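Worksheet for the structure shown next.
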Amino acid sequence: LSLVVLISGGGSNLRALLDAASDAEFPARILAVGADRDAEGLAHAEEFGIPTFTVPYTSFGSRDEWGEALLEQIRVWDADVVVLSGLMRLLPASVVSALSPNLINTHPAYLPEFPGAHAVRDAIAAGATESGASIIVVDNGVDTGSIIVQERVPVAPGDTEHSLHERIKPVERRLLVQTVLDIANGLDLRTI
Ligand code: GRF
């Protein structure tokens, strides 16, 4: 199974995929890593000698123009699946429909709880006693796609956004690697 992974930040989830895929037995390989900005996480891909590309959102006049440029870069690799792993931008509908259903996303909450870009902060603000991690198939909504797998993560008293996120991320990483494995072993994203 071939992947393109898209990030915006530190890429700890990407790192988990890179580590897993570096095992010759792992049935998936990462062809390239892309970002919407000069993301720190691109360094992880460079460490593994994997090509990277950057399509800076701020270089384009509109989300649609950015999306088309991003799609053009993604298509170069002709990957089986595109993985959004901490991409902090909504993809235009044209990009989602071009890639669907082979487009998955990891989200640090137990969807449909706490969708959107501030899921961990929102869980803390809501006084939630548990949150979670979810891997979904991307659709045109904000984190509204079909849930492939998800798992509860407890919120500890006194948790901050950071401490809760740090507890969620290892779960996200495990679910993301497992999902890639499942897809490589036949999970059909059209049936989710
Ligand atoms: C992850 O929790 C992801 O779900 C969210 O942002 C975080 C990215 O972390 N969208 P990293 O860049 O993988 O470390």
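Heavy-atom basis, side chains included; hydrogens, waters and symmetry copies ignored. Atoms within each ligand, like the ligands themselves, are counted from 1 in listed order. Since the model is a prediction, treat every value here as computed from it, not as a measurement.
- Between the side chain of Ser97 and the backbone N or O of Ala93 there is at least one donor-acceptor pair closer than 3.5 Å.
- The nearest protein atom to atom 12 (O) of ligand 1, hydrogens excluded, is given as Gly11 N, 2.8 Å; this is a heavy-atom distance.
- Scanning all protein heavy atoms for the shortest distance to atom 5 (C) of ligand 1 gives Pro108 CD, 4.0 Å.
- Taking all heavy atoms of Glu166, Lys169, His118, Arg15 into account, the minimum distance to atom 9 (O) of ligand 1 is reached by Lys169.
- Residues Leu99 and Val138 are not in side-chain contact: their nearest non-hydrogen atoms beyond the backbone lie 4.5 Å or more apart.
- Other residues, nucleotides and ligands contribute at most 12 non-hydrogen atoms within 6.0 Å of the CG atom of Asp78.
- Looking only at heavy atoms of the protein, atom 4 (O) of ligand 1 is closest to Glu172 OE2, 2.4 Å.
- A donor-acceptor pair under 3.5 Å links the side-chain atoms of Arg167 to the main chain of Pro154, judged by distance alone.
- Atom CD of Glu166 has more than 12 neighbouring heavy atoms from other residues, nucleotides or ligands inside a 6.0 Å radius.
- Given atom 10 (N) of ligand 1, the protein heavy atom at minimum distance is Met88 SD, 3.5 Å.
- Distances shorter than 4.0 angstrom occur between a heavy atom of Thr106 and an atom of ligand 1.
- Of the protein's non-hydrogen atoms, the one nearest atom 8 (C) of ligand 1 is Gly86 CA, 3.7 Å.
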Checklist entry - When you look at His165 and Glu172, which way does the side-chain contact (heavy atoms from CB on, under 4.5 Å) test go after all the steps? => result CA-CA 10 Å; His165 209 164; Glu172 265 187 284; 4.3 Å; yes

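- The atoms of ligand 1 that sit less than 4.0 Å from any heavy atom of His165 are 1 (C), 2 (O), 7 (C).
- When each of Leu42, Val76, Ile74 is paired with Phe53, the side chain to side chain contact (heavy atoms under 4.5 Å, CB included) condition holds for Ile74 and for no other.
- The protein non-hydrogen atom at the shortest distance from atom 14 (O) of ligand 1 is Ser12 OG, 2.6 Å.
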